[in-house]
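Read the structure below first, then the notes.
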Amino acid sequence: MDTLRVAVLGHGEVGRVLAAGLAGKVRLRVYDPVCPEGGDLVARNADAVRGADLVIAVTTGADSLAACAESRPHLKRGALYADLSTGAPGDKRRVAELLEPAGAGVVDGAIMAPVPLRGLATPVLASGAEAGRFAVLAGGLGMSVTPIGGAPGDAAARKLLRSVLVKGLSALVIESQRAAEEAGLGEWFWGHLLETVTAADEEFVVRLLKGAGQHGVRRVHEMEAATRMLEALGVPDTMTRATTATLDEVTRTGIPPVPDPS
């Protein structure tokens, strides 16, 4: 394993942590497409990926396709290209379409927790035909990769669905807490927020969904009143308006299926 040649593309927060964890374990070369000079970085993409057994791409999602296209002429046959960027499923499929005809194995990797907290051991989901091989190689280096099979894009879909939920919750907390502070109820609302979140269970989530379907019209009116309150407080109401629109749509289309817990 100590002779494995690894290239890391991207030297932002995630790339720096991964590179630091891999240093000394492999023959490592690091390239950043945004800031290609400085420190221990190589000067060109070709200098990083040429001859590499494993390429770990942790560029931004916006740069992932460009990094892939730039790497393509320099990858050796049989190299494993793991795109761990936060990109859309279609982008991950495009990476596979570009690289697999050139003889590279492509893995769609989704980082499922903040990397600075756990370093190399951060959980990663991997999809695509080469996900199992990547899990073995990466596991030998101290990474925590779970292969889920499927095709490139499947891991990304799971990551982004989680983002819709978690980042959406974050935005709701920000908007509601700001409104509470402006209303002079910040301390009360914070306690209510913590109580609601910590008490949540499956029954609570099911009630959220089914209640929206059963009482959609009334909840739309309630959220319209909430929007007027935020306007009066001078608090941005982006999430509240979006909630109103979503609940209004539910009155016409119904709620998504609720999985049977059994």
Side-chain angles (χ1 to χ4, degrees), residues 4-12 14-15 17-19 22 26-34 36 42 44-113 115 120 122-141 143-164:
L4 192 70
R5 291 167 292 184
V6 178
V8 173
L9 304 183
H11 202 239
V14 173
V17 172
L18 295 185
L22 293 170
V26 298
R27 293 168 58 185
L28 179 66
R29 288 169 290 184
V30 183
Y31 171 74
D32 191 286
V34 178
V42 297
R44 300 179 303 163
N45 174 288
D47 297 328
V49 306
R50 186 180 290 116
D53 303 298
L54 171 63
V55 178
I56 302 175
V58 285
T59 66
T60 66
D63 293 322
S64 64
L65 288 176
C68 159
E70 194 174 0
S71 299
R72 187 178 185 274
H74 311 292
L75 293 172
K76 71 175 187 178
R77 293 195 68 83
L80 197 56
Y81 190 98
D83 184 353
L84 273 58
S85 68
T86 302
D91 292 338
K92 299 298 185 97
R93 290 190 288 269
R94 181 58 178 155
V95 169
E97 291 169 357
L98 286 170
L99 296 185
E100 286 177 345
V106 176
V107 175
D108 166 20
I111 299 172
M112 301 301 289
V115 171
L120 279 183
T122 303
V124 175
L125 296 182
S127 66
E130 298 286 357
R133 181 158 71 103
F134 176 55
V136 171
L137 284 178
L141 300 173
M143 296 180 70
S144 178
V145 177
T146 301
I148 62 172
D154 290 351
R158 286 163 171 78
K159 162 89 171 183
L160 294 178
L161 284 170
R162 180 181 182 276
S163 296
V164 171

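Within the structure, every pair that satisfies the salt bridge (Lys or Arg N to Asp or Glu O under 4.0 Å) test and touches residues 47-67, not counting sequence neighbours, is listed here: Arg5-Asp53, Arg44-Asp47, Asp53-Lys76.
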Checklist entry - What do the steps show when you test Asp83 against Val106 for side-chain contact (heavy atoms from CB on, under 4.5 Å), and what is the final call? => result CA-CA 8 Å; Asp83 184 353; Val106 176; 5.8 Å; no
Next on the checklist: Evaluate Leu4 against Leu141 for side-chain contact (heavy atoms from CB on, under 4.5 Å), listing each step before the verdict.
Outcome noted: CA-CA 10 Å; Leu4 192 70; Leu141 300 173; 4.0 Å; yes
Next on the checklist: Does Leu84 form a side-chain contact (heavy atoms from CB on, under 4.5 Å) with Val107? I'd like the steps, not just the answer.
Outcome noted: CA-CA 8 Å; Leu84 273 58; Val107 175; 5.8 Å; no
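Contact of the Val95 side chain with the Pro152 side chain is not registered, since no non-hydrogen atoms from C-beta on lie closer than 4.5 Å. Side-chain contact between Val8 and Val58 is present, with at least one heavy-atom pair separated by less than 4.5 Å. In this structure, the side chains of Ile56 and Met143 come closer than 4.5 Å at one or more pairs of heavy atoms. Between Thr122 and Val17 there is no side-chain heavy-atom pair separated by less than 4.5 Å.
Counting all heavy atoms, side chain and backbone alike, Ile148 lies closest to Ser127 at CG1-CB, 3.8 Å. Between Ala126 and Val145, the shortest heavy-atom contact is CB-CG1, 3.7 Å. Between Val49 and Leu9, the closest heavy-atom pair is CG1-CD2, 3.9 Å. Contact between Asn45 and Ser71 at its shortest, heavy atoms only, is ND2-OG, 3.0 Å. What you find for Ala156 and Lys92 is that their closest heavy atoms are CB-CG, 3.8 Å. Residues Val42 and Tyr31 share a closest heavy-atom pair of O-CD1, 3.6 Å.
The distance from the CG atom of Leu125 to the OG atom of Ser144 is 9.5 Å, given to the nearest 0.5 Å. Once rounded to the nearest 0.5 Å, the distance linking OG1 of Thr59 with CG of Asp32 reads 9.0 Å. We find the CG-SG distance between Leu98 and Cys68 to be 4.5 Å, quoted to the nearest 0.5 Å. Separating the CG atom in Leu80 from the CZ atom in Arg133 is a distance of 4.5 Å, to the nearest 0.5 Å. The distance from the OG atom of Ser163 to the CE atom of Met112 is 8.0 Å, given to the nearest 0.5 Å. Atom CG of Leu54 and atom CZ of Arg27 lie 14.0 Å apart (nearest 0.5 Å).
In this structure a side-chain-to-backbone donor-acceptor pair under 3.5 Å is present from Asp108 to Gly153.
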